[in-house]
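All heavy atoms count here, side chains included; hydrogens, waters and symmetry mates do not.
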Amino acid sequence: MRTINRNIASAIIISRDKKILMWKKKLDWWGVFSDCYHIPWWWVEEWETIEEAMIREVYEEVWLDVSKCRIKKLSELWEWTSEKILKNTWERVLCHMIFNRFEVFVDKNSEDIGLKLWDELVESKRFSNEELKNAKQIPWWKEFFIKMGYIV
């Protein structure tokens, strides 16, 4: 089985009132952690920087323009490999992903941030640190949130 490599850009969106914005995917949407809360993430296209990809992906997924926000690239990378079926050829491949994480600080309280949902998303939620602890989310993100002090 062939292996493909993907650089992934992801955004931890933090409001002025220190809430983390996350979105829930539809059940069975591409079979990837559906019905869990996610932060926006997707791969980096060849023609863009990692930060440009993150800004684009946040806008495409949740219609939030973060290009003027304070952005901090986190130094810790995370790698993961999983099997994937390529949509254009139906080829089964191993996809090796390197996750680049950004903190995006939005200068508005969470309730003042208008959130729209893209096709694959069914719900948005603003989590305090306490609420984040009990949120149904991708397991490795929960570990990361604990390590980084978002969950205490």
Side-chain angles (χ1 to χ4, degrees), residues 1-16 18-108 110 112-127 132 135-145 147-150:
M1 186 179 303
R2 173 168 86 93
T3 299
I4 61 173
N5 296 300
R6 298 271 195 242
N7 259 333
I8 305 293
S10 59
I12 303 161
I13 301 173
I14 305 167
S15 62
R16 184 188 312 149
K18 309 251 188 290
K19 293 195 176 179
I20 294 178
L21 285 59
M22 298 178 78
W23 292 263
K24 186 183 277 189
K25 290 189 172 192
K26 288 181 183 175
L27 284 173
D28 297 325
W29 179 265
W30 296 96
V32 181
F33 300 105
S34 58
D35 202 34
C36 288
Y37 284 98
H38 290 248
I39 63 172
W41 60 277
W42 199 248
W43 58 73
V44 179
E45 300 291 348
E46 294 176 10
W47 46 267
E48 62 191 347
T49 67
I50 295 168
E51 184 171 322
E52 289 168 341
M54 179 274 299
I55 291 168
R56 173 186 52 77
E57 185 58 24
V58 169
Y59 188 75
E60 286 178 1
E61 278 199 15
V62 297
W63 298 67
L64 182 61
D65 181 1
V66 296
S67 61
K68 305 279 191 264
C69 293
R70 186 167 61 91
I71 296 171
K72 177 183 173 188
K73 185 172 188 315
L74 301 175
S75 60
E76 181 181 317
L77 299 174
W78 186 80
E79 296 185 42
W80 182 48
T81 301
S82 72
E83 198 171 298
K84 174 180 176 54
I85 297 174
L86 298 178
K87 287 192 298 186
N88 56 344
T89 64
W90 296 95
E91 177 186 4
R92 190 176 295 274
V93 297
L94 285 178
C95 185
H96 177 75
M97 296 172 275
I98 299 174
F99 283 78
N100 299 271
R101 297 168 169 146
F102 291 88
E103 287 178 319
V104 178
F105 300 93
V106 179
D107 194 25
K108 293 182 180 179
S110 60
D112 296 329
I113 300 171
L115 303 176
K116 297 179 183 176
L117 302 177
W118 185 61
D119 295 359
E120 70 181 41
L121 306 172
V122 294
E123 182 182 341
S124 62
K125 189 159 181 170
R126 299 141 170 97
F127 290 97
L132 193 59
K136 182 178 179 185
Q137 58 185 291
I138 300 172
W140 71 77
W141 279 109
K142 190 165 196 166
E143 293 170 18
F144 174 75
F145 286 146
K147 183 177 183 179
M148 296 299 293
Y150 293 111

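- A salt bridge between Glu51 and Lys73 is absent, with no side-chain N of the basic residue lying under 4.0 Å from a carboxylate O of the acidic one.
- Note that Arg101 lies outside the cation-pi zone of Trp41, set by a 6.0 Å cut-off to the ring centre and a 45° limit from the axis.
- Checked against a 6.0 Å centroid threshold, the rings of Tyr37 and Phe127 count as neighbours.
- To the nearest 0.5 Å, the span separating CZ on Phe99 from CG on Asn7 amounts to 10.5 Å.
- The NZ atom of Lys142 sits 12.0 Å away from the NZ atom of Lys136 when rounded to the nearest 0.5 Å.
- Each of Ile13, Ile14, Ile12 was compared with Phe105 under the side-chain contact (heavy atoms from CB on, under 4.5 Å) criterion, and only Ile14 meets it.
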Begin with the C-alpha distance, continue with both residues' side-chain angles, and end with the deciding distance and a verdict on side-chain contact (heavy atoms from CB on, under 4.5 Å) for Tyr59 and Leu64. CA-CA 5 Å; Tyr59 188 75; Leu64 182 61; 5.9 Å; no
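- Environment of CZ in Arg92: sparse, with no more than 12 heavy atoms of neighbouring residues, nucleotides or ligands closer than 6.0 Å.
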Would you please test Trp141 and Ile39 for side-chain contact (heavy atoms from CB on, under 4.5 Å) and show each step? CA-CA 9 Å; Trp141 279 109; Ile39 63 172; 3.2 Å; yes
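- When atom types are taken as modelled, the side chain of Ser10 and the backbone of Asn100 share a donor-acceptor pair closer than 3.5 angstrom.
- Here Cys69 contributes atom SG and Glu103 contributes atom CD; the two are 13.0 Å apart, rounded to the nearest 0.5 Å.
- The NZ atom of Lys19 lies 9.5 Å from the NZ atom of Lys125; values are rounded to the nearest 0.5 Å.
- The environment of Lys18 atom NZ is sparse: at most 12 non-hydrogen atoms of other residues, nucleotides or ligands sit within 6.0 angstrom.
- With hydrogens and angles disregarded, a donor-acceptor distance shorter than 3.5 Å links the side chain of Glu48 to the backbone of Glu45.
- In summary, of the residues considered (Val44, Ile8, Val66), a side-chain contact (heavy atoms from CB on, under 4.5 Å) with Met54 occurs for Val66 alone.
- Side-chain atoms of Leu132 and Met22, non-hydrogen and from C-beta on, do get closer than 4.5 Å to each other.
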Walk me through whether Phe144 and Leu74 qualify under side-chain contact (heavy atoms from CB on, under 4.5 Å). CA-CA 12 Å; Phe144 174 75; Leu74 301 175; 3.6 Å; yes
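- Under 3.5 Å, the side chains of His38 and Gln137 contain no donor-acceptor pair of N or O atoms.
- By the 6.0 Å contact criterion, CZ on Arg70 is open, its count of non-hydrogen atoms from other residues, nucleotides or ligands being 12 or less.
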Show, in sequence, the C-alpha distance, side-chain angles and deciding distance for Ile71 and Ile55, and conclude whether the side-chain contact (heavy atoms from CB on, under 4.5 Å) test is met. CA-CA 10 Å; Ile71 296 171; Ile55 291 168; 4.0 Å; yes
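- A salt bridge links Arg56 with Glu60; the closest basic N to acidic carboxylate O contact falls under 4.0 Å.
- With rounding to the nearest 0.5 Å, the separation of CD1 in Ile98 from CD in Glu79 is 4.5 Å.
- To the nearest 0.5 Å, atom CZ of residue Arg2 and atom SG of residue Cys95 are 10.0 Å apart.
- Exactly one residue among Thr3, Leu86, Ile85 makes a side-chain contact (heavy atoms from CB on, under 4.5 Å) with Val93. That residue is Leu86.
- Remark: Trp90 CH2 is loosely packed, at most 12 non-hydrogen atoms of other residues, nucleotides or ligands lying under 6.0 Å away.
- The side chain to side chain donor-acceptor pair (under 3.5 Å) test applied to Asp65 returns Ser67, not counting sequence neighbours.
- Between the side chains of Thr81 and His96, a donor-acceptor pair is found at a separation under 3.5 Å.
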